[in-house]
Amino acid sequence: MSSSEPPPSLAFSTVIAPLLNKFSKDQAKSLRDAFVFAEKQNPGFIHDFVAGVIQNEDMTEILLRLGSTECTEYLISQDIALHALLNKKAQTLRLLLSSIPDQIKERSVFLQTIKDIAQSIKRFTQLCK
């Protein structure tokens with residue numbers, strides 16, 4: 001991974017990346033580079049960092065809820081119709097996944113959500129073929 005690539009981390013894309021957008025371009029780049037360097041040196045650093053900040057909360061639930069947030073670092077070019085469709089399907093899937101914490105307590109609703117997620121994944125992978 002080069003220093004310009006984002007670290008492959010759900011905690012990065014759902015928590016850190018949106019926060020970096022609040023800083024100036026130079027500050028955001030410096031912070032991003034620091035997180036990338038730390039993640040390279042110690043894989044899992046970003047996850048542990050976010051977990052430390054939100055220590056009294058359920059990390060899995062928070063990451064699922066925030067997972068529907070679109071991270072511009074992972075968007076693909078909209079120039080090609082297929083790319084736009086892939087982005088749309090990916091966003092739909094993220095929204096479905098982010099609803100799990102709200103629906104997990106109601107068995108029938110949760111099972112339907114799981115079926116919807118499976119269908120969404122199936123449609124998404126069919127586009128990738």
Side-chain angles (χ1 to χ4, degrees):
M1 169 187 340
S2 73
S3 64
S4 64
E5 290 180 43
S9 166
L10 183 60
F12 179 83
S13 64
T14 59
V15 178
I16 303 297
L19 291 174
L20 292 179
N21 292 334
K22 306 234 183 254
F23 292 94
S24 73
K25 193 172 184 176
D26 289 340
Q27 290 172 325
K29 183 179 179 347
S30 295
L31 285 169
R32 188 181 173 293
D33 289 347
F35 275 110
V36 168
F37 178 79
E39 186 71 21
K40 280 183 184 178
Q41 298 301 311
N42 185 10
F45 169 80
I46 294 173
H47 184 275
D48 294 343
F49 176 81
V50 171
V53 171
I54 58 171
Q55 55 187 280
N56 293 331
E57 301 297 326
D58 181 0
M59 178 79 157
T60 304
E61 180 179 342
I62 287 171
L63 291 178
L64 276 171
R65 287 184 188 279
L66 293 173
S68 66
T69 306
E70 200 167 74
C71 180
T72 56
E73 302 234 4
Y74 297 121
L75 287 179
I76 53 179
S77 168
Q78 299 278 340
D79 299 350
I80 301 171
L82 179 59
H83 291 178
L85 188 56
L86 283 171
N87 280 333
K88 183 178 177 189
K89 295 286 184 187
Q91 179 61 23
T92 301
L93 181 56
R94 284 193 302 271
L95 285 170
L96 282 169
L97 290 170
S98 71
S99 70
I100 288 175
D102 294 328
Q103 298 173 349
I104 200 164
K105 292 180 175 98
E106 295 181 42
R107 182 178 169 83
S108 61
V109 175
F110 179 66
L111 291 175
Q112 184 58 48
T113 300
I114 296 299
K115 289 177 188 175
D116 293 344
I117 290 169
Q119 281 294 347
S120 183
I121 291 170
K122 182 179 177 184
R123 287 190 295 269
F124 186 78
T125 55
Q126 286 173 343
L127 281 174
C128 295
K129 289 183 181 178

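Note that the structure is predicted; figures quoted are calculated from it, not measured. Side-chain atoms are counted along with the backbone in the values below, which use heavy atoms only and exclude waters and symmetry mates.
- At least one side-chain heavy atom of Ile117 sits under 4.5 Å from a side-chain heavy atom of Ile100.
- Taking CD1 from Ile16 and CG from Leu31, the interatomic distance works out to 9.0 Å, rounded to the nearest 0.5 Å.
- Between the side chains of Gln126 and Arg123, no donor N or O sits under 3.5 Å from an acceptor N or O.
- Side chain of Gln91 to backbone of Lys88: no donor-acceptor contact under 3.5 angstrom is found.
- To the nearest 0.5 Å, atom CZ of residue Phe12 and atom CG of residue Leu19 are 10.0 Å apart.
- The heavy-atom pair separating Ala28 from Leu20 by the smallest distance is CB-O, 3.3 Å.
- Under a hydrophobic clustering in which Ile, Leu, Val, Met, Phe, Trp and Tyr are joined whenever their side-chain heavy atoms come within less than 4.5 Å, directly or via other members, Phe37 and Val15 fall into different clusters.
- When every heavy atom of Phe45 is checked against every heavy atom of Ala38, the shortest pair comes out as CD2-CB, 3.5 Å.
- In this structure, Ser30 OG and Lys25 NZ are separated by 12.5 Å, a value rounded to the nearest 0.5 Å.
- With rounding to the nearest 0.5 angstrom, the CD atom of Gln119 is 13.5 Å from the OG1 atom of Thr92.
- Separation of atoms CZ (Phe110) and CG (Asp102) is listed at 12.0 Å; rounding is to 0.5 Å.
- Summarising the geometry, atom CG belonging to Leu96 is positioned 8.5 Å from atom CD belonging to Gln103; distances are rounded to the nearest 0.5 Å.
- Of all the heavy atoms in Pro18 and Ser13, the pair that sits closest is CD-O, 3.5 Å.
- Note on Leu95 and Ile114: separate hydrophobic clusters, where clusters join Ile, Leu, Val, Met, Phe, Trp and Tyr whose side-chain heavy atoms are under 4.5 Å apart, directly or indirectly.
- A donor and an acceptor atom, one from each side chain of Gln27 and Ser24, are located under 3.5 Å apart.
- The shortest non-hydrogen separation linking Lys89 to Ser120 is O-OG, 4.3 Å.
- Contact record, Thr113 with Ser99: CG2-OG, 3.8 Å, taken as the closest heavy-atom pair.
- Both Leu97 and Ile104 are members of a single hydrophobic cluster when ILVMFWY side chains are connected at heavy-atom separations under 4.5 Å.
- Here Gln112 pairs with Lys115, Asp116 under the side chain to side chain contact (heavy atoms under 4.5 Å, CB included) rule; sequence neighbours left out.
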